[in-house]
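The shown structure was predicted, so the numbers you read here are calculated from the model rather than taken from an experiment.
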Amino acid sequence: MIGMIKNGTGYNDIYNYRNSKYFINTVREAKKWVNKTGKDLVIFAGACQSYYEALVSAGANFASSPARVLIDFLDPLVVAEKVATTEDYKYITINDIADELRDGTKGINGIGARGKRVTTLRNEE
């Protein structure tokens with residue numbers, strides 16, 4: 001099922017999207033949890049033809065689909081893998097990932113996130 005309503009006329013009207021309101025509410029709830037617990041969470045939200053601007057405004061680090069295109073089903077996994085395998089002292093932007101995505105920044109974009117791979121320094125004794 002496509003994300004936009006067939007005869008919708010405005011990209012900035014939440015009522016023209018089938019599921020984005022649920023994604024937006026979920027992102028808001030996740031951000032509440034982050035603020036309450038102090039945990040560092042990276043949020044990827046949306047699906048094909050999602051209301052990208054509202055998802056990022058709600059607090060998603062990465063979201064689909066700024067150009068309202070049908071994204072490749074593997075693209076969110078590419079983003080998640082990059083975040084998970086990047087050292088925790090590095091900040092990842094969409095420019096670090098765009099070449100690995102089918103539609104680049106037309107399919108997925110966002111504000112970026114700190115990597116999640118924990119690095120430890122070993123004392124050589």
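Atom-to-atom distance recorded for Arg28:CZ and Ile43:CD1 is 12.0 Å, nearest 0.5 angstrom. One finds the CG atom of Leu55 at 7.5 Å from the CZ atom of Phe23 (value rounded to the nearest 0.5 Å). Rounded to the nearest 0.5 angstrom, Trp33 CH2 and Leu41 CG are separated by 6.0 Å. Rounding to the nearest 0.5 Å places OG1 of Thr85 at 7.0 Å from CD1 of Ile92. With values rounded to the nearest 0.5 angstrom, Asp75 atom CG is found 10.0 Å from Ile97 atom CD1. Here the CD-CZ distance, from Glu87 to Arg117, works out to 4.0 Å after rounding to the nearest 0.5 Å.
Leu77 and Phe62 fall into different hydrophobic clusters, where Ile, Leu, Val, Met, Phe, Trp and Tyr side chains are chained together by heavy-atom contacts under 4.5 Å. The hydrophobic cluster containing Tyr91 does not contain Tyr89, counting ILVMFWY residues as joined when their side-chain heavy atoms lie under 4.5 angstrom apart, directly or transitively. Cluster membership for Val42 and Val78, using ILVMFWY side-chain heavy atoms within less than 4.5 angstrom, is shared.
Lys106 is linked by a side chain to side chain donor-acceptor pair (under 3.5 Å) to nothing, counting only residues two or more places apart in sequence or in another chain.
Looking only at side-chain heavy atoms (C-beta outward), Ile94 and Leu101 come within less than 4.5 Å of each other. Between Pro76 and Ile71 there is a side-chain heavy-atom pair separated by less than 4.5 Å. Within the 4.5 Å cutoff, no side-chain heavy atoms of Val27 are placed close to those of Ile24. Looking only at side-chain heavy atoms (C-beta outward), Tyr51 and Asp13 stay at 4.5 Å or farther from each other. Between Val83 and Phe44 there is no side-chain heavy-atom pair separated by less than 4.5 Å. Taking 4.5 Å as the limit, every side-chain heavy atom of Asp72 sits out of range of all side-chain heavy atoms of Asp103. For the pair Leu74/Arg102, no side-chain contact is recorded, criterion being any heavy-atom separation below 4.5 Å from C-beta on. Contact of the Asn19 side chain with the Ser50 side chain is not registered, since no non-hydrogen atoms from C-beta on lie closer than 4.5 Å.
With hydrogens and angles disregarded, no donor-acceptor distance shorter than 3.5 Å links the side chain of Ser64 to the backbone of Ile108. Judged by distance alone, the side chain of Asn25 and the main-chain N or O of Tyr22 form no donor-acceptor pair under 3.5 Å. Between the Thr105 side chain and the Asn109 main chain, no donor and acceptor come within less than 3.5 Å of each other. Counting only distance, with no hydrogens or angles, the side chain of Asn61 and the backbone of Gly112 share a donor-acceptor pair below 3.5 Å. Proximity of a side-chain donor or acceptor of Thr86 to a complementary backbone N or O of Lys82 within less than 3.5 Å is detected.
Of all the heavy atoms in Arg68 and Gln49, the pair that sits closest is O-CG, 3.4 Å.
Applying the salt bridge (charged side-chain N to carboxylate O under 4.0 Å, His left out) test to pairs two or more places apart or on separate chains, those with a residue in residues 36-45 are Asp40-Lys116.
Atom CZ of Phe73 has 12 or fewer neighbouring heavy atoms from other residues, nucleotides or ligands inside a 6.0 Å radius.
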